[in-house]
S.K.: 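Below are the structure tokens for one structure; questions will follow.
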Amino acid sequence: MTIYDELVARGLIAQTTNEEEIKKLINEGKATFYIGFDCTADSLTAGHFMALTLMKRLQMAGNKPIALIGGGTTMIGDPSGRTDMRKMLTREDIDHNAECFKRQMERFIDFSDDKALMVNNADWLLNLNYVELLREVGACFSVNNMLRAECYKQRMEKGLSFLEFNYMIMQSYDFYYMFQKYNCNLEFGGDDQWSNMLGGTELIRRKLGKDAHAMTITLLTDSQGKKMGKTAGNAVWLDPNKTSPFEFYQYWRNVGDADVLKCIRMLTFLPIEEIEKMDTWEGAQLNEAKDILAYELTQMVHGTEEADKAREASKALFAGGANSENVPTHTLTDADFRDGKVDILQILVSAGLSASRAEARRNVQQGGVSVNGEKVSDPFTVYEKSNFEEEFLLKKGKKSFCKIEV
């Protein structure tokens, strides 16, 4: 099976500009391709995961990845998939976020011996003269065509700022610049980036008279069509300080039955033949598939040791018989106590299991909170420091656990 055939078999390919040319490039290991990552936070998320694994797959097949850090484009803000304008970040914030991205990407991509490049579009975008840029590329973009692009069309009702309107030109210029500087001949991105990517191939064709190619990756959605990679409205981060290895493991361990095999196919490096045998799995076997998915991805992001700990902790909580040593722990401070006592609502909020005391009260009243296996039904329940001398295992709902210490 060629690398392109494998991408098809894994369900990763959404749209291509010229399938035969792209197939030839990547099967022969002749693609120098890029994927862009705007620095909107200080960590990559599970939403970036598919792009990172795609880069790794193609690099393993002999192709050369360029990880483009969007230090420049982040200052504009991508309107794709947004119903409102992104928060404006300072240059210092963007530079800090870019450094965090670099450290995380190195877990996936081999940047040694010129096998891959990591570049920052701030190096060329921030030095552009606006009038010179307009004269160089402005005539290559049709405003009529841009307004028909999905990324802009969905914003027209609420209003599209001129700042964001420039994003397509910036992303297109990136491809145009790297085509000349790094012989970059292929761009990959999420399926919601298609219009921006076509802008780049068209700019290269009109300015240089040469062909460049684009391919979009299928967005990772659940069986209801919602983007995966968020839990309780919050992103699932690759940074262990923002999403612990256990929480990361649990996110994937808890995907729906209808989604687990798709996730294994798209995100793991298990052989296709092995995955195809799982297609007939059902019932308890799907739980085994979820454990395989969670372990494989946690191992990729956090290493074997952390993946082993997360699996062990999960067994302790859900299967019984194993120790709870690796369950996430939260330490209460003196500030949490009043007159030597702390109520259940404060514990839930302090541990991050509830966003506010009001939410914590609802959690308790709805019967979703327990301590050491016993349901807490009274939101006024209080504990003294002596209650935490032995194990104090707090549970909210079916999937959120935390050991509480003082």
Side-chain angles (χ1 to χ4, degrees), residues 43 46 230-255 287 290-291 294-295 298 301-406:
S43 171
K230 290 182 181 290
T231 177
N234 299 313
V236 177
W237 304 97
L238 303 193
D239 182 343
N241 295 314
K242 294 168 79 74
T243 298
S244 72
F246 174 79
E247 291 168 324
F248 186 85
Y249 177 96
Q250 283 302 120
Y251 174 81
W252 299 107
R253 179 64 181 77
N254 292 323
V255 299
N287 281 329
K290 292 176 187 181
D291 178 68
Y295 185 83
T298 307
V301 174
H302 298 296
T304 302
E305 183 180 349
E306 291 299 334
D308 287 341
K309 287 179 181 178
R311 175 181 268 173
E312 182 72 15
S314 184
K315 286 180 180 177
L317 295 170
F318 297 104
N323 69 65
S324 58
E325 179 185 350
N326 298 310
V327 175
T329 300
H330 175 74
T331 302
L332 299 176
T333 67
D334 287 340
D336 292 305
F337 288 83
R338 295 290 181 272
D339 299 325
K341 297 179 179 179
V342 59
D343 64 25
I344 188 64
L345 305 186
Q346 179 61 29
I347 299 173
L348 284 164
V349 173
S350 181
L353 297 187
S354 300
S356 65
R357 288 182 65 86
E359 181 184 305
R361 182 176 289 105
R362 287 193 298 273
N363 297 150
V364 172
Q365 291 172 338
Q366 291 166 2
V369 176
S370 66
V371 171
N372 295 335
E374 293 187 12
K375 187 175 292 186
V376 179
S377 54
D378 182 0
F380 296 103
T381 302
V382 295
Y383 301 91
E384 299 180 355
K385 290 188 177 181
S386 59
N387 293 120
F388 302 95
E389 291 174 359
E390 296 184 358
E391 185 169 87
F392 190 102
L393 187 60
L394 179 64
K395 177 182 176 184
K396 190 196 82 169
K398 294 181 179 179
K399 302 170 183 176
S400 299
F401 291 83
C402 193
K403 279 198 302 185
I404 306 298
E405 297 177 347
V406 175

S.K.: At their closest point, which heavy atom of W237 faces which heavy atom of T243, and how far apart are they?
M.R.: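 Result for this residue pair: N-OG1, 2.9 Å.
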S.K.: Any Lys/Arg nitrogen of R338 or D343 sitting under 4.0 Å from an Asp/Glu carboxylate oxygen of the other?
M.R.: no
S.K.: What residues form a ring pair (Phe, Tyr, Trp, His ring centres under 6.0 Å) with Y383, not counting sequence neighbours?
M.R.: F392
S.K.: Just do the side-chain contact (heavy atoms from CB on, under 4.5 Å) check on Y295 and T304 with the steps written out, would you?
M.R.: CA-CA 9 Å; Y295 185 83; T304 302; 3.7 Å; yes
S.K.: Any chance you could measure H302, atom NE2, to F246, atom CZ, to the nearest 0.5 Å?
M.R.: 12.5 Å
S.K.: Enumerate donor-acceptor pairs with a distance under 3.5 Å from any side-chain N or O in residues 345-355 to protein atoms, sequence neighbours excluded.
M.R.:
from: Q346; atom 1: NE2; to: D336; atom 2: OD1; distance (Å): 2.8
from: S350; atom 1: OG; to: H330; atom 2: NE2; distance (Å): 2.7
from: S350; atom 1: OG; to: D336; atom 2: OD1; distance (Å): 3.3
from: S350; atom 1: OG; to: D336; atom 2: OD2; distance (Å): 3.4
from: S354; atom 1: OG; to: N363; atom 2: OD1; distance (Å): 2.7

S.K.: Can you tell me how far apart CD (E391) and CD (E405) are? Round to the nearest 0.5 Å.
M.R.: 9.5 Å
S.K.: Mind listing the closest non-hydrogen atom pair of P245 and A310 along with its distance?
M.R.: O-CB, 4.0 Å
S.K.: Quick one: side-chain hydrogen bond (donor to acceptor under 3.5 Å, both in side chains) partners of K341, sequence neighbours excluded?
M.R.: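 Partners of K341 by the side-chain hydrogen bond (donor to acceptor under 3.5 Å, both in side chains) criterion come out as none, since no residue qualifies.
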S.K.: Considering residues at least two apart in sequence or located in another chain, which fulfil the side-chain hydrogen bond (donor to acceptor under 3.5 Å, both in side chains) criterion with R362?
M.R.: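 Listed in chain order: nothing, the list is empty.
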S.K.: Once you round to the nearest 0.5 Å, how far does CZ of R361 lie from CD1 of I344?
M.R.: 12.5 Å
S.K.: Can you check side-chain contact (heavy atoms from CB on, under 4.5 Å) on Y249 and D291, steps first, answer last?
M.R.: CA-CA 9 Å; Y249 177 96; D291 178 68; 2.3 Å; yes
S.K.: Tell me, please, which residues at least two apart from V406 pass side-chain contact (heavy atoms from CB on, under 4.5 Å).
M.R.: F337, K385, F388
S.K.: Scan residues 367-380 for pairs that pass side-chain hydrogen bond (donor to acceptor under 3.5 Å, both in side chains), counting only residues two or more places apart or in two chains.
M.R.: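 Applying side-chain hydrogen bond (donor to acceptor under 3.5 Å, both in side chains) to every pair that reaches into residues 367-380, excluding sequence neighbours, yields nothing.
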S.K.: Please check this pair: side chain of E247 against backbone of S244, looking for a donor-acceptor N/O pair closer than 3.5 Å.
M.R.: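 The answer is yes, because a donor-acceptor pair under 3.5 Å joins these two groups.
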S.K.: I'd like to know if the side chain of D308 reaches the main chain of E305, judged simply by a donor and an acceptor atom lying under 3.5 Å from each other, with no hydrogens or angles considered.
M.R.: no
S.K.: If you measure only the distance, is there a donor-acceptor pair under 3.5 Å linking the side chains of S314 and Q250?
M.R.: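 A pair is found: one side chain offers a donor N or O, the other an acceptor, under 3.5 Å apart.
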